[in-house]
Amino acid sequence: HDAFLGASGGKECGAMLSYLNEGNLLFSLPFDQVYIIHALCFAPNRYWLCAGTDQGIRIWDLEGKGIVDELKLDLPARDPKSKALPTSCISLAWSADGNTLFAGYTDSLIRAWQVTAGQNTIF
């Protein structure tokens, strides 16, 4: 069924997984707070799903249905008087070997994350 697995997300609902050929909802991967999902991406070599949000990137293990990691930028605190929107992750893509996650942000930068379960490095 892996070839027919689809993921969707948006406002307030977390990520949802479905079999595309059957239209059946398998399960939902909720957030503990309300986040808007801007991008979803499956890992090429693991059963992981990544979600890009206003708060960073969340990586789920789809077999265990648990969180593998949360990737957050270490940015200076925003001025509370500023009308600028926070820096959000709006696009995601894995390298072919599945070791590097590329993330595009609203500050016009693409960041590369070296990802392993429980450890991550930005370079």
Side-chain angles (χ1 to χ4, degrees):
H1 278 278
D2 288 346
F4 301 107
L5 187 64
S8 62
K11 294 181 180 181
E12 303 177 12
C13 62
M16 294 174 286
L17 290 160
S18 303
Y19 284 127
L20 297 178
N21 57 337
E22 300 169 3
N24 297 339
L25 178 66
L26 291 175
F27 54 86
S28 295
L29 299 164
F31 284 102
D32 49 348
Q33 297 178 16
V34 176
Y35 293 133
I36 298 172
I37 295 175
H38 298 289
L40 291 167
C41 183
F42 289 103
N45 61 341
R46 299 178 190 103
Y47 208 50
W48 289 359
L49 177 66
C50 304
T53 73
D54 292 338
Q55 303 300 316
I57 301 167
R58 181 172 283 188
I59 304 173
W60 286 285
D61 177 341
L62 299 179
E63 289 177 318
K65 298 180 185 154
I67 298 170
V68 173
D69 211 341
E70 292 192 61
L71 311 176
K72 296 187 181 217
L73 295 176
D74 187 18
L75 296 173
R78 287 183 49 224
D79 180 351
K81 297 176 188 171
S82 172
K83 293 183 181 181
L85 295 174
T87 300
S88 301
C89 177
I90 55 172
S91 62
L92 295 167
W94 283 97
S95 62
D97 65 7
N99 292 323
T100 305
L101 179 63
F102 298 96
Y105 290 83
T106 54
D107 62 0
S108 300
L109 295 177
I110 296 173
R111 293 169 173 92
W113 295 88
Q114 197 76 35
V115 179
T116 57
Q119 296 180 321
N120 60 73
T121 305
I122 191 170
F123 61 98

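Positions are given from 1, in the same order as the sequence printed here.
- For the pair Gly98 and Pro44, the tightest heavy-atom approach, listed with the atom from each and the gap, is CA-CG, 3.6 Å.
- When side chains are defined from C-beta on, Leu71 counts as touching Val115, because their heavy atoms get closer than 4.5 Å.
- Side-chain atoms of Ser95 come within 3.5 Å of backbone N or O of Thr100 as a donor-acceptor pair.
- Taking OG1 of Thr87 as the reference point, atom CG of Leu109 lies at 8.5 Å (rounded to 0.5 Å).
- Between the NE2 atom of His38 and the CD1 atom of Ile57 there is a distance of 11.5 Å, given to the nearest 0.5 Å.
- Within the 3.5 Å criterion, the main-chain N or O of Ser88 finds a donor-acceptor partner in the side chain of Thr106.
- Interatomic distance, Cys89 SG to Trp113 CH2, rounded to the nearest 0.5 Å: 9.5 Å.
- Atoms CH2 and CD, from Trp48 and Glu63 in turn, are 11.5 Å apart once rounded to the nearest 0.5 Å.
- With a 4.5 Å cut-off on side-chain heavy atoms, Arg58 and Ile67 count as touching.
- The shortest non-hydrogen separation linking Leu92 to Ala39 is CD1-O, 3.8 Å.
- Phe42 is connected to Tyr47 through a chain of hydrophobic side-chain contacts under 4.5 Å among Ile, Leu, Val, Met, Phe, Trp and Tyr, so both are in one cluster.
- Among residues at least two apart or in separate chains, salt bridge (charged side-chain N to carboxylate O under 4.0 Å, His left out) pairs with a member in residues 86-108 are Asp107-Arg111.
- Asp54 pairs by the salt bridge (charged side-chain N to carboxylate O under 4.0 Å, His left out) definition with nothing, not counting sequence neighbours.
- If you chain together hydrophobic residues whose side chains sit under 4.5 Å apart, Ile90 and Leu73 never meet in one group.
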